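The structure presented is a predicted model; accordingly, all values stated were derived computationally and were not measured. In listed order, ligands and their atoms are each counted from 1. Worth knowing before you read on, the calculation uses all heavy atoms, side chains too, and leaves out hydrogens, waters and symmetry mates.
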Amino acid sequence: MTRALVLTSSILAGNSLSLAEHFQAQAAGVDGLEVTTRDLVADDLPHLTQPELASWQVPAEERSAGQRELAARSDGLIEELLGHDVLVLAVPLYNLGIPSQMKAWFDRVMRAGKTFRYTENGPQGLVEGKRAVILAARGGQYAGSELDSQTPHLKSMLGLMGIREVDVVFAEGLAMGESRRDAALAEARQAIDDLIERLA
Ligand SMILES: Cc1cc2nc3c(=O)[nH]c(=O)nc-3n(C[C@H](O)[C@H](O)[C@H](O)COP(=O)(O)O)c2cc1C
């Protein structure tokens, strides 16, 4: 059984062109593939703050009630990540970056001593045997150019934790006219269908 964790981060709700929804619909009922979805916008994780960061440093049995509550956010998200085989990141491009909701998730799962550790040779990933899929939706056209700072950033964060096998499905030019949008979506949906076949 392959367990996929789909993280959505579009703030457009019903107006989202949602590649994630296509992934979920196509994956539903596929033998050998089980999908969990987490809507990071509904989760409304706050920015990471010093007290929350500090709660991670305190041994679990010594945490105050407040620290237990703060540390539980990161602990729960890391446990969920480790409980799946494939991480599917549905990421719209917002102001040339990732949605802040998704950054808030990465800020909690990229945790020294849990998902990576510092060594004399630099950080070493501790998340083993997992792969990731990035579903990248954009109004404009950037893939392969230096303006696409989003996918390298995502790959660097995943790589730091040890997740190096990453597929990217682009749906670009979604705000560049109807025919361009329809063609990009059709191509992206086909790429998702092909990926699902490989994942199952
Ligand atoms: C707040 C905001 C910022 C955006 N910034 C960019 C941008 O910098 N570049 C771009 O190409 N598209 C940008 N877009 C367009 C989205 O990337 C595009 O609408 C995409 O389809 C959103 O994905 P979704 O349909 O899954 O929500 C932005 C959209 C919003 C709502």
Side-chain angles (χ1 to χ4, degrees), residues 2-30 33-48 77 80-81 84 86-110 130-159 163 165-199:
T2 301
R3 284 161 301 173
L5 174 63
V6 178
L7 299 182
T8 64
S9 59
S10 172
I11 61 170
L12 298 182
N15 291 324
S16 162
L17 295 168
S18 199
L19 297 177
E21 235 172 69
H22 183 77
F23 183 96
Q24 289 156 327
Q26 295 303 107
V30 171
L33 189 57
E34 194 180 278
V35 177
T36 313
T37 301
R38 174 174 289 283
D39 178 350
L40 295 175
V41 175
D43 278 1
D44 205 16
L45 285 171
H47 290 303
L48 183 60
L77 293 173
E80 182 175 60
L81 170 64
H84 289 81
V86 185
L87 179 63
V88 181
L89 302 173
V91 204
L93 187 69
Y94 287 167
N95 303 316
L96 301 179
I98 63 174
S100 53
Q101 289 87 348
M102 183 159 282
K103 180 63 166 53
W105 181 85
F106 272 103
D107 284 343
R108 289 184 173 82
V109 299
M110 297 184 70
K130 315 229 179 275
R131 57 188 292 175
V133 177
I134 297 170
L135 306 178
R138 288 104 185 264
Q141 180 89 41
Y142 310 95
S145 88
E146 63 182 18
L147 279 175
D148 181 17
S149 53
Q150 188 197 52
T151 35
H153 182 211
L154 285 168
K155 284 182 177 177
S156 301
M157 291 191 288
L158 293 166
I163 305 173
E165 210 180 322
V166 183
D167 289 287
V168 186
V169 174
F170 288 106
E172 291 204 310
L174 298 178
M176 295 172 73
E178 215 171 298
S179 63
R180 183 94 177 252
R181 183 196 63 201
D182 292 348
L185 283 175
E187 203 180 312
R189 288 175 182 150
Q190 183 60 55
I192 289 171
D193 297 351
D194 295 344
L195 254 172
I196 286 173
E197 257 181 50
R198 279 165 42 207
L199 293 178

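In this structure, the side chain of H22 does not engage the main chain of S18 through any donor-acceptor pair within 3.5 Å. Between the side chain of S9 and the backbone N or O of I98, no donor-acceptor pair lies under 3.5 Å. Looking at E172, its side chain does come within 3.5 Å of a backbone N or O of A143 through a donor-acceptor pair. No side-chain donor-acceptor contact under 3.5 Å links Q101 to the backbone of D39.
Here the protein heavy atom with the shortest distance to atom 23 (O) of ligand 1 is P92 CB, 3.3 Å. Among all protein heavy atoms, the one lying closest to atom 26 (O) of ligand 1 is S16 OG, 3.1 Å. Regarding atom 10 (C) of ligand 1, its nearest protein heavy-atom neighbour is Y142 OH, 3.3 Å. Of the protein's non-hydrogen atoms, Y94 CE2, 3.7 Å is the one closest to atom 31 (C) of ligand 1. In this structure, atom 13 (C) of ligand 1 lies nearest to the protein heavy atom L93 O, 3.1 Å. Looking only at heavy atoms of the protein, atom 8 (O) of ligand 1 is closest to L96 N, 3.0 Å. Counting only heavy atoms of the protein, atom 25 (O) of ligand 1 lies nearest to L17 N, 2.6 Å.
The option with the heavy atom closest to atom 19 (O) of ligand 1, from among L174, L12, L19, L135, is L12.
Other residues, nucleotides and ligands contribute over 12 non-hydrogen atoms within 6.0 Å of the CD atom of Q24.
Within the listing of ligand 1, atoms 10 (C), 11 (O) sit less than 4.0 angstrom from a heavy atom of G140. Heavy-atom proximity to S10, at under 4.0 Å, picks out these atoms of ligand 1: 24 (P), 27 (O). For ligand 1, the atoms closer than 4.0 angstrom to any heavy atom of N95 are 3 (C), 4 (C), 5 (N), 6 (C), 7 (C), 8 (O). Near G139, meaning under 4.0 Å from one of its heavy atoms, ligand 1 places the atoms 10 (C), 11 (O), 12 (N), 15 (C), 16 (C), 17 (O), 18 (C).
Between D194 and R198 there is no salt bridge, since no side-chain N of the basic residue sits under 4.0 Å from a carboxylate O of the acidic one.
Using a 4.0 angstrom heavy-atom cutoff, S18 counts as in contact with ligand 1.
In this structure, L195 and F23 have side chains that are not in contact, with every pair of non-hydrogen atoms separated by 4.5 Å or more.
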